[in-house]
Amino acid sequence: SILKLASAQGYEEGMQRAKKEEAAKQQARRKQEEVQEQAIKEQKEEQEKIIEKMIQAVAKMFSCKKIHIGMDEAHHLGRGKYLDRHGLQDRFDILLSHLNRVCQIADKYDFEPMMWGDMFYRLANGGEYYEASSQFDASIKAKIPEKLTLVYWDYYSTEKEHYTRFIKHFKKITDNIIFAGGAWNWLGFCPDNAYSIKELKAAFEACWEEGIQEVFITTWQDNGADCSIFAVLPTVVAAAEFARGNFDADIIKRKFREVIGSEFDDFMALEMPDKLKTLEKNPQRYLLNPTKYLLYNDPFLGYWDSTINSDDLQIFKQSVERLNDCAHRNKEWKYLFDSIAKLALVLEIKFDLGLRTREAYQKNDRNTLHQLVFEDYPELIKRLRLFYSSYEKRWMKENKSNGFEVQDIRLGGLIKRVVHCRKMLKDYLQNKTGKIEELEECLLDFKGGKWATTFNNYLATVTVNKM
């Protein structure tokens, strides 16, 4: 009985110690949570101070009272570290809380805020933006701040009915709508004015019919800001005429000549190197950028070689001739036409260089390999340096030097890689090496056909390895 009593006392003391330890842990956790909450509160207050300083700076610099606060494509809202700290929260409430505070700050400086409309649209439309849901939640309209304008942005259709449908959907969640279209200069070195003008013509016709009073045009600088912002002047002038209700192509061309002092069709030639001969048969048709991914396509790795159609080669020679003529006629814009002409001059050789190299190597065609080593590769290196010089001139004329370090690294690396590939070929030709590993491999089909495509990602173009 004494042993049983001692055992019971020991058990009771153990339980008491465990309870005290658990209480201490809970107290420590609460203290930690309080510290975290205080830190989050202070961080939030600091963020709001930064936002106010930004808006205050804008108020000092500009007389316009419209301000765009962005807030688009926040797909991970309420996730990540926020979810760790706060648990699962209503994502719409998180958005509204932040938005209301930003709008309050904007109102303090008499601004009329606008924001990209996709987040509200997604929340009302089951998470989708370009698909129309049967469960469209119009109750969101009452929760949107009164002075806020939503910007319906869309750059991806040439059908008026598409824009009409989405404008009608936006009207279900707000009375304050601005439309934003795109002048496509963000796929590489060349613009796509032909597509942009079709896209905006359809969008502006819908805006006219649906009573949308305000529109603006966006240009972006994805993946290196390769393309000149002035390359989309045909789209900008056309959009200005569309906004006036004028959709006549001849009048638009005449207005372009009056305003810009150049011919509309000359500027349209800036996209010519991307308009390959096989375009009419291509299932994609629009927004192709072979000048970007084929420029950086490795001569030995051949990542993009399966997309190459030999029928397309002639477009680069034709582009060089056309763009040089345009440069001669347009003295003010000579530098712009020259940079694209020099790019086409590079691709006139580089377009299928990898295919020709691999074929000659695998057939052990020594004569062709000799030509590649002593003619084609040296000429390509020369043309790449000419393109770099012309492109650098264009960049420095239009931009700050900030950002050109990216082009130095990319184009400088490309030139060095071509030099090294030539050395490896030369060593093989002179029997200094027994084989070239990259050229021993068979190519895989990247896309499923010899068609141009769209791929604006330098890092994923130059190598399949990690950089």
Side-chain angles (χ1 to χ4, degrees), residues 25-26 28-55 67-106 113-156 166 169-170 172-174 176-178 180 182 186 218 220-223 454-460 466-467:
K25 287 179 182 179
Q26 289 180 0
R29 277 198 293 269
R30 283 195 295 271
K31 184 66 176 177
Q32 185 179 14
E33 288 172 0
E34 288 173 6
V35 170
Q36 287 180 340
E37 287 299 321
Q38 182 62 28
I40 292 169
K41 181 182 177 183
E42 290 173 0
Q43 186 181 47
K44 186 177 180 181
E45 290 173 353
E46 189 63 28
Q47 289 171 347
E48 290 181 0
K49 288 178 183 177
I50 293 171
I51 292 170
E52 180 158 5
K53 285 181 180 179
M54 293 164 63
I55 292 175
I67 187 169
H68 201 311
I69 59 175
M71 297 176 66
D72 62 319
E73 298 183 330
H75 304 309
H76 298 288
L77 183 70
R79 298 169 181 166
K81 287 295 182 184
Y82 189 97
L83 182 61
D84 293 341
R85 291 171 177 169
H86 301 280
L88 192 62
Q89 302 288 324
D90 188 295
R91 299 174 71 210
F92 189 52
D93 289 342
I94 299 170
L95 175 66
L96 276 179
S97 175
H98 181 67
L99 175 61
N100 284 324
R101 184 64 190 118
V102 174
C103 286
Q104 288 170 6
I105 296 170
M114 66 180 80
M115 69 172 278
W116 300 117
D118 57 298
M119 289 307 296
F120 278 112
Y121 191 96
R122 287 177 189 276
L123 289 166
N125 194 39
E128 297 294 336
Y129 189 46
Y130 286 109
E131 296 295 331
S133 169
S134 59
Q135 302 296 322
F136 203 89
D137 184 5
S139 67
I140 286 176
K141 184 173 185 177
K143 300 177 182 178
I144 296 174
E146 183 181 357
K147 294 183 180 180
L148 180 71
T149 298
L150 293 188
V151 181
Y152 162 40
W153 59 269
D154 198 338
Y155 330 124
Y156 300 102
F166 280 90
H169 279 310
F170 264 92
K172 293 178 182 179
I173 57 175
T174 182
N176 304 319
I177 304 171
I178 292 175
W186 62 88
T218 65
W220 303 100
Q221 300 281 259
D222 297 21
N223 202 255
T454 307
F455 198 83
N456 188 26
N457 186 323
Y458 165 78
L459 287 178
K466 194 74 175 175
M467 289 187 72

Backbone of Leu77 reached by a side-chain donor or acceptor of Arg91 within 3.5 Å: yes
Any donor-acceptor pair under 3.5 Å from Asn223 side chain to Tyr458 backbone: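 Looks like yes, one N/O pair under 3.5 Å.
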Quick one: does [X]'s side chain get under 4.5 Å of [Y]'s, heavy atoms only?
| X | Y | answer |
| --- | --- | --- |
| Phe455 | Asn457 | yes |
| Leu150 | Asn176 | no |
| Ile69 | Leu99 | yes |
| Met115 | Phe120 | yes |
| Thr218 | Trp153 | no |
| Lys172 | His169 | yes |
| Phe92 | Ile140 | yes |

Do the ring planes of [X] and [Y] sit parallel (below 30°), tilted (30 to 60°) or perpendicular (above 60°)?
| X | Y | result |
| --- | --- | --- |
| Trp220 | Trp186 | perpendicular |
| Tyr129 | Phe170 | perpendicular |
| Phe166 | Tyr121 | tilted |

Taking all atoms of both residues into account, what is the closest heavy-atom pair of Gly182 and Tyr155, and its distance? N-CD2, 3.3 Å
Would you give the length of the straight line joining atom CD1 of Ile105 to atom CG of Asn100, rounded to the nearest 0.5 angstrom?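 Output value for this atom pair is 11.5 Å.
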Euclidean distance, Ile51 CD1 relative to Glu46 CD, rounded to 0.5 Å: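 Between Glu46 CD and Ile51 CD1, I get 11.0 Å after rounding to 0.5 Å.
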side-chain contact (heavy atoms from CB on, under 4.5 Å) partners for Glu146, two or more places apart: none
